[in-house]
Amino acid sequence: MDLGLKGKAALVTASSKGIGKAIAESLAAEGCQVAICSRNKEDLISTATEIKEKYSIEPIWCVCDLHKTKDIEKTVEVVNKQFGKIDILVNNCGGPAPGYFRDLEDEDWTSAFEQVLMSVVRFTTLVVPDMIVREWGRIINITSVSVKQPIDNLMLSNSFRSGVIGLAKSLSNEVAKFNITVNNIAPGYTLTNRLYDLAVHRAKTSGVSHEEIISEMAKAVPMNRLGRPEEIAAAVSFLASQQAGYITGNTIVVDGGWVKGI
Ligand code: NAD
């Protein structure tokens, strides 16, 4: 299916690795101009080179720490200058630190607030006015299944990602008349560095090896396997498509059936 995305300009945040990288690749495969950003210059260059080789497009890359407002402003400025517009904004972020309520300090909460919620607020604030002028836009936030079913030991994710969902639903109502959609993807257990790090963290406190923890995660999924980053990315590309223009204010769970609720 042609998703009608040729020539659209997309900015995918936190995208040198994992789910963000897979999203950048998926949009590049659809013919989008793609901009990626994260904190690490070497990783960005490596990802940009890989995308260029695979899809024959020249991605823009920007070093950007999502905790820093100035970095976010600079990134949007650079992308607007190079592409002349941002049609699609994918708000991804690094996962907040794991931990139970009893483990967390004041600064853990502040850091997760900045990274998970305020990065979405800041990028979206900078991008929406121009989308309104051009009367077309797609904003897609990457959250987690934790917005449907809180996950043990992920207090910060469980808390702030629901804020993103509330923001998206409210904003979708405000901007729908400008042909801008705002949606969320909630990934389940997906095989990336983040998942590996979480398994190692749990291994330290549980006395079980991280390999066993990863295997247990897969067993808890009705599909009996972990997700692949490309499977999350495919849902994002669909939400970005022309065909998805009547879907807004929604959260699509991509989890192999892990969430137990209806
Ligand atoms: P990952 O660790 O593999 O990749 C994270 C990306 O974010 C990397 O490119 C990293 O450089 C970048 N990043 C991290 N901190 C940053 C910062 N402060 N500023 C800019 N860039 C930063 O993670 P992933 O598994 O791809 O997860 C992406 C998001 O999806 C995370 O928020 C994660 O919590 C969420 N998620 C992941 C899973 C999973 O199973 N992998 C499940 C549900 C939700």
Side-chain angles (χ1 to χ4, degrees), residues 11-26 35-48 50-51 59 61-72 74-75 90-99 110-120 122-123 140-151 153-165 184-202 213-214 217-218 220-221 223 225-233 235-236 251-256 258-259:
L11 167 59
V12 185
T13 68
S15 44
S16 62
K17 290 183 187 165
I19 292 171
K21 179 184 172 195
I23 294 167
E25 288 202 40
S26 175
I36 57 173
C37 67
S38 80
R39 285 174 303 185
N40 187 296
K41 186 176 168 184
E42 283 70 40
D43 289 345
L44 283 167
I45 293 174
S46 153
T47 297
E50 202 181 316
I51 291 176
W61 57 266
C62 302
V63 175
C64 174
D65 183 342
L66 295 188
H67 287 97
K68 296 184 180 161
T69 308
K70 284 263 172 298
D71 283 11
I72 292 175
K74 183 80 191 153
T75 300
V90 180
N91 285 310
N92 184 40
C93 67
T110 308
S111 173
F113 169 67
E114 290 284 326
Q115 167 140 325
V116 176
L117 183 59
M118 286 313 295
S119 68
V120 174
R122 289 176 181 137
F123 273 108
I140 301 153
N141 307 309
I142 309 305
T143 63
S144 165
V145 279
S146 65
V147 302
K148 298 287 181 187
Q149 189 174 312
I151 301 173
N153 194 35
L154 288 187
M155 173 57 77
L156 294 170
S157 173
N158 297 342
S159 301
F160 290 113
R161 293 194 193 278
S162 293
V164 174
I165 304 288
N184 315 291
I185 294 289
Y189 290 113
T190 310
L191 198 51
T192 63
N193 290 356
R194 159 80 173 166
L195 192 81
Y196 181 84
D197 292 345
L198 284 176
V200 169
H201 183 268
R202 272 186 210 168
I213 287 173
I214 288 177
M217 284 174 180
V221 180
M223 290 269 175
R225 67 171 176 86
L226 299 175
R228 293 186 285 270
E230 313 85 81
E231 292 173 311
I232 312 300
V236 173
T251 300
I252 297 184
V253 178
V254 185
D255 69 342
W258 182 84
V259 171

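Excluded from the calculations below are hydrogen atoms, water molecules and symmetry mates; all remaining heavy atoms, backbone and side chain alike, are included. First listed ligand is number 1; within each ligand, the first listed atom is number 1.
- At the top of the distance list for atom 25 (O) of ligand 1, counting protein heavy atoms only, stands Thr192 OG1, 2.4 Å.
- Judged by distance alone, with hydrogens and angles left aside, the side-chain atoms of Thr190 form a donor-acceptor pair with the main-chain N or O of Gly188 at under 3.5 Å.
- Arg225 CZ to Glu231 CD: the interatomic distance, rounded to the nearest 0.5 Å, is 4.0 Å.
- In plain terms, the two heavy atoms of Cys64 and Cys37 that are nearest each other are CB-CB, 3.9 Å.
- Taking OG1 of Thr47 as the start and NZ of Lys21 as the end, the distance is 4.5 Å to the nearest 0.5 Å.
- Residue contact check: Gly18 has heavy atoms under 4.0 Å from atoms 3 (O), 26 (O) of ligand 1.
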| task | Under the side-chain contact (heavy atoms from CB on, under 4.5 Å) rule, what do Leu154 and Ser146 come out as? Steps first, then yes or no, please. | result | CA-CA 8 Å; Leu154 288 187; Ser146 65; 5.8 Å; no
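- Using a 4.0 angstrom heavy-atom cutoff, Gly188 counts as in contact with ligand 1.
- Here the side chains of Val253 and Trp258 are not in contact, with every heavy-atom distance at 4.5 Å or above.
- The heavy atom nearest to atom 44 (C) of ligand 1, out of those in Leu44, Ile19, Thr143, Asn91, is found in Thr143.
- For ligand 1, the polar-atom distance check finds an N/O of Leu66 within less than 3.5 Å of one of the ligand's N/O atoms.
- Considering Leu44, Thr13, Val12 as possible partners of Ser38, the one that fulfils the side chain to side chain contact (heavy atoms under 4.5 Å, CB included) test is Leu44.
- Heavy-atom distances between Met217 and ligand 1 stay at or above 4.0 Å for every pair.
- Counting heavy atoms under 4.0 Å from ligand 1, residue Ser157 does not touch it at all.
- The shortest contact between atom 20 (C) of ligand 1 and any protein heavy atom is with Cys64 O, 3.1 Å.
- Under a 4.0 Å criterion applied to the non-hydrogen atoms of His67, ligand 1 contributes the atoms 18 (N).
- Looking from atom 33 (C) of ligand 1 to the surrounding protein, the closest heavy atom is Arg161 NH2, 3.6 Å.
- Looking only at distances, no side-chain donor or acceptor of Asn141 sits under 3.5 Å from a matching main-chain atom of Thr143.
- Judged by distance alone, the side chain of Thr75 and the main-chain N or O of Asp71 form a donor-acceptor pair under 3.5 Å.
- Between Arg194, Lys68, Arg39, it is Arg194 that holds the heavy atom closest to atom 23 (O) of ligand 1.
- Counting heavy atoms under 4.0 Å from ligand 1, residue Gln115 touches it through the side chain alone.
- Closest to atom 43 (C) of ligand 1, if we only count protein heavy atoms, is Pro187 O, 3.2 Å.
- Distance from atom 14 (C) of ligand 1 to its nearest protein heavy atom, with residue and atom name: Gly94 CA, 3.5 Å.
- Nearest protein heavy-atom neighbour of atom 32 (O) of ligand 1: Cys93 O, 2.7 Å.
- Remark: ligand 1 atoms within the under-4.0 Å shell around heavy atoms of Ser38 are 11 (O), 20 (C), 21 (N).
- Contact atoms of ligand 1 toward Leu195: 40 (O) (distance under 4.0 Å to a heavy atom of the residue).
- Contact between Asn92 and ligand 1 is present, with at least one heavy atom of the residue lying under 4.0 Å from the ligand.
- The closest protein non-hydrogen atom to atom 9 (O) of ligand 1 is Ser16 OG, 2.8 Å.
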| request: Check step by step if side-chain contact (heavy atoms from CB on, under 4.5 Å) holds for Glu114 and Leu66. | output: CA-CA 8 Å; Glu114 290 284 326; Leu66 295 188; over 6 Å; no
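- Atoms of ligand 1 lying under 4.0 Å from at least one heavy atom of Tyr189, given by number and element, are 40 (O).
- Judged as a side chain to side chain donor-acceptor pair (under 3.5 Å), and not counting sequence neighbours, Arg194 has no contacts.
- By heavy-atom distance, the residue among Ser111, Pro98, Ala14 lying nearest atom 7 (O) of ligand 1 is Ala14.
- Not a single heavy atom of Asp43 lies less than 4.0 angstrom from ligand 1.
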| Steps toward side-chain contact (heavy atoms from CB on, under 4.5 Å) verdict (Ile151, Tyr189) | CA-CA 11 Å; Ile151 301 173; Tyr189 290 113; 3.8 Å; yes
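- Side chain of Gln115 to main chain of Cys93: no donor-acceptor pair is present (N/O by atom type, distance under 3.5 Å, no hydrogens or angles).
- Atom numbering of ligand 1 starts at 1 in the shown order; those under 4.0 Å from a heavy atom of Asn193 are 3 (O).
- Here the protein heavy atom with the shortest distance to atom 40 (O) of ligand 1 is Thr190 N, 2.7 Å.
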| query | Checking side-chain contact (heavy atoms from CB on, under 4.5 Å) for the pair Arg161/Val116: CA distance, chi angles, key distance, verdict? | reply | CA-CA 7 Å; Arg161 293 194 193 278; Val116 176; 3.9 Å; yes
